[in-house]
**Student:** 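Quick one: the structure is below, questions incoming.
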Number of protein chains: 2
Amino acid sequence: MNLDTAINKMKSKGYKHTKQRERILEIFSRQDQYIAAKTILKEIQKDFPGVSFDTVYRNLYLLADEEILESTDLDGEKHFRFHCDTHGHHHHFICTDCGKTKAVEFCPMEKIESSLSGYAIDNHKFEIYGKCPQCQT
Amino acid sequence: MNLDTAINKMKSKGYKHTKQRERILEIFSRQDQYIAAKTILKEIQKDFPGVSFDTVYRNLYLLADEEILESTDLDGEKHFRFHCDTHGHHHHFICTDCGKTKAVEFCPMEKIESSLSGYAIDNHKFEIYGKCPQCQT
DNA sequence: AGATTAATCGTAATCATTATCATTTAAAGA
DNA sequence: TCTTTAAATGATAATGATTACGATTAATCT
């Protein structure tokens, strides 16, 4: 997923193209990491001083619904990142210092499904936390 | 882990035995599920109408630090459950209807460590969400 | 350009959580 | 048992993230 793809996807879905929304997407397109909603808000405010909380949060959730972003809870705050669809289903290592992520291709679900017969599995979360090579002392 | 074990552990650590703290532990000892902090607060208030938020939250975090409870973020809220130490390291299926959990013995970490050489892994989260047999229509 | 409708703004409200500090109480020793 | 003392609690306020909403603006269509 890149910026143009994301913009086109929104357009094809009938959403309007706004400066604020483009700026949000632009921020994510430059970063391979999860970013807190409030961080995005602060960033957008540099370009659009009067931007509303509502605009930012509404867009983040909309973009996540449209699978342009993906989200996770970190430290009780919603974080978002560009959806990576270049490879298949995967998980992430997340650096607790800089926030950068590394894709982990292995998914444990197939290993455990047999132990959950009778349970209806809707989704799952597998994340690894630590320090990336650059953030180790 | 059971109620008496938990109480003794707190005592041996030098913490005082209070009615409020015992009540918190008692609630958890009856439930094999994650419970939201605010749910605990409401429950405690039935017995101790004037109980402070602080008391509840402080105790939950203290008990989690002492590994008497374990915690996770669900829907942006902290949830806690009795720490299960009858078996080794494991993960949980969590029913999104009733909140009950089922232990999943498989841990994916050993499968992926080789793909994260150079990364310092601190911890990880693996949770499966869905409906338990009792909560399916 | 005008109409339509989504999107935004401005602001307030909500909700969970954290902080502060005076007071109370449990537990250890005299 | 009485005293001490440090931990724990209560009452309340503050914070921080998120959500809500009516009025206004702006993007797209004809």
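Residue numbers begin at 1 in each chain, while the letters A, B, ... track the order of the sequences. Computed over heavy atoms, backbone and side chain alike; hydrogens, waters and symmetry mates excluded. No experiment lies behind these values; they were computed from the predicted model shown.
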**Student:** Salt bridge between B:E77 and B:K38, side-chain N to carboxylate O under 4.0 Å?
**Tutor:** yes

**Student:** Counting the atoms with a prime plus P, OP1 and OP2 as sugar-phosphate, which does B:Y61 contact under 4.0 Å by heavy atoms, base, sugar-phosphate, or nothing?
**Tutor:**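 Sugar-phosphate: the residue B:Y61, judged by heavy atoms under 4.0 Å, touches backbone atoms but no base.
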
**Student:** Nearest heavy atom decides the nucleotide; on that basis, is A:F53 or B:S52 closer to the 5' end of DNA chain D?
**Tutor:**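 This one resolves to B:S52.
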
**Student:** Going by an N to O cut-off under 4.0 Å, is there a salt bridge joining B:E66 and B:K13?
**Tutor:**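 Yes, this pair counts.
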
**Student:** When the distance from CD1 of A:I7 to C1' of D:dA27 is rounded to whole Å, what number comes out?
**Tutor:**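 One finds 15 Å between C1' of D:dA27 and CD1 of A:I7, rounded.
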
**Student:** Using atom NZ of B:K13 as one end and atom C1' of D:dA7 as the other, report the distance to the nearest whole Å.
**Tutor:** 17 Å

**Student:** Atom CD1 of B:I44 and atom P of D:dT9: how far apart are they, to the nearest Å?
**Tutor:** 10 Å

**Student:** Check this one for me: any side-chain N or O of B:Q20 less than 4.0 Å away from OP1 or OP2 of C:dT25?
**Tutor:** no

**Student:** Ring-plane angle category for B:Y34 and B:H92, please: parallel below 30°, perpendicular beyond 60°, tilted otherwise.
**Tutor:**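 Because their plane-to-plane angle is over 60°, the rings of B:Y34 and B:H92 count as perpendicular.
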
**Student:** May I ask you to say what B:R21 touches in the nucleic acid, namely base, sugar-phosphate or nothing, with a heavy-atom cut-off under 4.0 Å?
**Tutor:**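 Answer is sugar-phosphate: B:R21 comes under 4.0 Å of backbone atoms only.
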
**Student:** Give me, pair by pair, the N or O atoms of the protein and of nucleotides 28-30 of chain D that are less than 3.5 Å apart, along with how far apart they are.
**Tutor:**
residue : atom : partner : partner atom : Å
D:dT28  : OP1  : A:H17   : N            : 2.8

**Student:** Is the shortest heavy-atom distance from the side chain of B:L69 to the side chain of B:H83 under 4.5 Å?
**Tutor:** no

**Student:** Between A:D54 and B:L41, which residue's closest nucleotide on DNA chain C lies nearer the 5′ terminus?
**Tutor:** A:D54

**Student:** Any side-chain N or O of A:R58 less than 4.0 Å from the OP1 or OP2 oxygen of C:dT8?
**Tutor:** yes

**Student:** Over how many whole Å does the gap from B:K78 atom NZ to D:dT18 atom P extend?
**Tutor:**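 My rounded result for the distance is 14 Å.
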
**Student:** Sequence neighbours excluded, which residues qualify as side-chain hydrogen bond (donor to acceptor under 3.5 Å, both in side chains) partners of A:K19?
**Tutor:** none

**Student:** Taking NZ, NE, NH1 and NH2 as the nitrogens, is one of them in B:K102 or B:D32 under 4.0 Å from a carboxylate oxygen of the other?
**Tutor:**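 Salt bridge: no.
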
**Student:** Are the side chain of B:E127 and the backbone N or O of B:I94 linked by a donor-acceptor pair below 3.5 Å?
**Tutor:** no

**Student:** Rounded to whole angstrom units, what separation is found between the CD atom of B:E22 and the P atom of C:dA27?
**Tutor:**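 Going from B:E22 (CD) to C:dA27 (P), I get 11 Å.
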
**Student:** Can you tell me if the side-chain N/O atoms of A:Y57 get under 4.0 Å from OP1 or OP2 in D:dT18?
**Tutor:** yes

**Student:** Rounded to the nearest angstrom, tell me the gap between atom CD in A:E77 and atom P in C:dA16.
**Tutor:**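 Spelled out: CD on A:E77 to P on C:dA16 is 16 Å.
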
**Student:** With heavy atoms under 4.0 Å as the rule, sort B:A37 into base, sugar-phosphate or nothing.
**Tutor:**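 Answer is sugar-phosphate: B:A37 comes under 4.0 Å of backbone atoms only.
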
**Student:** Specify the separation, in whole Å, of atom CD of A:Q45 and atom P of C:dC9.
**Tutor:**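 Roughly 10 Å, once rounded to whole Å.
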
**Student:** For the pair made of CG in A:D75 and P in C:dT18, what is the distance, rounded to whole Å?
**Tutor:** 11 Å

**Student:** Have a look at B:N59 and say if it touches a base, only the backbone sugar-phosphate, or nothing, with a 4.0 Å heavy-atom cut-off.
**Tutor:**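 Sugar-phosphate only.
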
